[in-house]
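In what follows, a structure is listed as structure tokens, so that the remarks can point back to it.
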Amino acid sequence: MGPAGLFCAFQLALKSNGKIRTILLDRGQPVEKRGRDIGALINRRKLNEDSNFAFGEGGAGTWSDGKLTTRIGRNSETVRWVLETLVEFGAPANILWKGAPHLGTDNLVKLLRNMRHRLVELGGEIHFGTKMTNLKMEGNKVVGVLTEDMDGNEHCYEGDEFVLATGHSARDVYESLHKADVQLEPKGFAVGFRIEHPQAVINKIQYGDEWGPCVKTGKGLTDKANEEYFGSKSEHIAKMPVPSYRLATDKALDGVDGNVRGAYSFCMCPGGQIVLSSTNPEEMCVNGMSFSRRDSKWANSALVVTVSPDDEILKEYKTKHGVMAGLEFQREMERKAAELGGGNLTVPVQRMTDFVDGKISSTIPSSSYRLGVISAPCHEIYPEAITHALRDALTNHFQKQMPGYFHPDGLLHAVETRTSSPLRVARDPMTLLAIGTDNLYPSGEGAGYAGGIVSAAVDGVHVGEAILDNICGDSRPNRIEKSKSIGFSY
Ligand SMILES: Cc1cc2nc3c(=O)[nH]c(=O)nc-3n(C[C@H](O)[C@H](O)[C@H](O)COP(=O)(O)OP(=O)(O)OC[C@H]3O[C@@H](n4cnc5c(N)ncnc54)[C@H](O)[C@@H]3O)c2cc1C
């Protein structure tokens, strides 16, 4: 029930007027219960491995900033339809015209609840707390989804067409697909850290001394922190929006024979907070979110470096793990971070200036991460080529693009590894069927065809169209053209 699965089910139910019966299975919980599980994680360090920041209704992006930016273009028929559908179910109408629209967790939770009710009205069936453990195959055909519920009860859901939209945190799913000989391909991805600055620092960089103090969220603590940082109230009465940023270079030197890599920021959450996005305590991985008012004292963003499928740093992993090399690499980096954090979901951190100098931070600024941070040698986590490229990007590119960005209070949180899937489930570009199968449709980010809420939803719609083509023929009215495979981050 991430954006890909949900929008696919919607497309099928709406276009067939409820004649196609959709059954949605999710290992996680509906948003109401998921919210309580996330509360238990933040307040009592109780991690539910199937209901957390990655798993549950709405998928990985539900407790997020809900940024609806996408690199697949904003004006295609399907993107417009996805945005309009979100508005129909409760998103603010301004997402249709804003250049960088975002929803905030609070809005997302409401609209997901509304979508669920509508789907059920259209005859859809939803089973939460139901984890797919395997596919039941007969030759090239999937005949059922084998599942396990929270009490360990097993069941097989039968059907005609099967959509696999399990996201990229479901590593167990990749493993069972690999065992079942479903064709997987390695794919480029990016790894790094989540950087956090005080929001006031970003306000000053983006608006300067004159207008920086005009950033107001309406929340006393945040506005006070901003005033204190600037040392005076502004004479202007204007209220400036909480600013964001986006940085990128394709020329970050990685220290190996003049080799360059891409390095970029993404998923910037102004006025946000850093959250745990791993699904088990031995693998530490973070991400960012914010509420619609963007009213925290911090600004966070992913800062990552690209890793290509034929990258030298994956060589050893390829020998040992073949096509699963990228996934095992991500996992090892996450394990190192968990160890450096000392367990108990504490995140290892380092000032960006100390990261560049290769020394542990003797003091650390405050962090929005609620489960605690600890000063650690984060520069030792990644292979030298990644660390070198990030250092070069910070000092020789990003600081020039945004003077003041390379700031001692910029705190790196380890690690941000799950930016996009390191694998792709191979599929036919016309039928969107997994290669070698007659009725299995891989979709969304986990399958390697999306990166972000909007592109995952769009891919789900296209898979819905492919299924309708398969059932009704491709001359049916109101047919949407399917796009080519996509797999960008947002
Ligand atoms: C904290 C955070 C913040 C983010 N912020 C943004 C943002 O602001 N903007 C943006 O565009 N993107 C954001 N993203 C990324 C975005 O959430 C994903 O790109 C998007 O959700 C991918 O959609 P999907 O449907 O392909 O997969 P997912 O959203 O990952 O959904 C997969 C679903 O499958 C379920 N599942 C997994 N395994 C099984 C199984 N074995 N059996 C049954 N169910 C299973 C999961 O519970 C989940 O509901 C964020 C991600 C995170 C983690």
Side-chain angles (χ1 to χ4, degrees), residues 1-9 24-31 34 37-38 48-72 82 100-105 108 112 126-135 145-149 157 163-177 194 244 266-270 272-279 285-290 300-302 416-421 425 442-460 463 487-490:
M1 279 193 85
L6 193 55
F7 271 84
C8 180
L24 276 151
L25 309 176
D26 201 289
R27 72 199 297 163
Q29 295 296 325
V31 279
R34 188 178 173 194
D37 291 334
I38 287 176
N48 178 331
E49 296 195 2
D50 290 313
S51 175
N52 45 49
F53 280 101
F55 294 151
E57 187 175 26
T62 306
W63 268 262
S64 81
D65 189 40
K67 273 179 290 300
L68 300 175
T69 41
T70 170
R71 295 179 205 223
I72 60 170
V82 164
H102 86 110
L103 290 168
T105 289
L108 268 164
L112 281 165
I126 302 173
H127 299 270
F128 291 108
T130 304
K131 177 163 74 182
M132 172 193 126
T133 49
N134 232 323
L135 293 172
V145 181
L146 300 168
T147 63
E148 193 180 278
D149 70 14
Y157 287 89
V163 179
L164 186 77
T166 43
H168 66 12
S169 279
R171 291 177 170 163
D172 48 349
V173 173
Y174 291 121
E175 277 149 18
S176 56
L177 291 177
R194 185 112 327 221
S244 168
F266 92 106
C267 185
M268 202 266 149
C269 301
Q273 53 182 287
I274 294 183
V275 296
L276 178 81
S277 59
S278 54
T279 46
C285 161
V286 287
N287 208 302
M289 63 162 268
S290 46
N300 73 67
S301 170
E416 174 108 15
T417 36
R418 301 186 196 178
T419 52
S420 66
S421 168
V425 186
S443 182
E445 188 165 57
Y449 297 98
I453 296 170
V454 172
S455 64
V458 164
D459 195 57
V463 164
F488 304 121
S489 49
Y490 48 99

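One-based numbering, in listed order, for ligands and for the atoms of each.
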Does [X] come within less than 4.0 angstrom of ligand 1, counting non-hydrogen atoms of the residue?
X      : answer
Pro3   : yes
Lys131 : yes
Asp50  : no

Heavy-atom closest pair, residues Ser443 and Val163: CB-CG1, 4.1 Å

Show the nearest heavy-atom pair for residues Met289 and Trp63, with the distance to one decimal.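 The answer is CB-O, 3.4 Å.
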
Give yes or no for whether the N/O distance cutoff of 3.5 Å, strictly under, is met between Phe53 and ligand 1.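 Checking ligand 1 against Phe53, no N or O pair falls under 3.5 Å apart.
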
Within the structure, does Gly451 bring an N/O atom to less than 3.5 angstrom of an N/O atom in ligand 1?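 Between Gly451 and ligand 1 (N or O atoms, distance only) the closest approach is not under 3.5 Å.
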
Ligand-residue contact atoms, ligand 1 with [X], heavy atoms, under 4.0 Å:
X      : result
Gly288 : 1 (C), 2 (C), 3 (C)
Glu445 : 18 (C), 19 (O), 20 (C), 22 (C), 26 (O)
Gly2   : 25 (O), 29 (O), 31 (O), 33 (C), 49 (O)

Reported [atom1]-to-[atom2] distance for the pair [X] and [Y], which is rounded to 0.5 angstrom:
X      : Y      : atom1 : atom2 : answer
Glu57  : Ile126 : CD    : CD1   : 6.5 Å
Asn300 : Gln273 : CG    : CD    : 8.5 Å
Asn52  : Gln29  : CG    : CD    : 10.5 Å
Thr166 : Tyr174 : OG1   : OH    : 7.0 Å

Please state which part of [X] comes within less than 4.0 Å of ligand 1, counting heavy atoms only: side chain, backbone, both or neither.
X      : result
Asn287 : side chain
Thr147 : neither
Ala60  : both

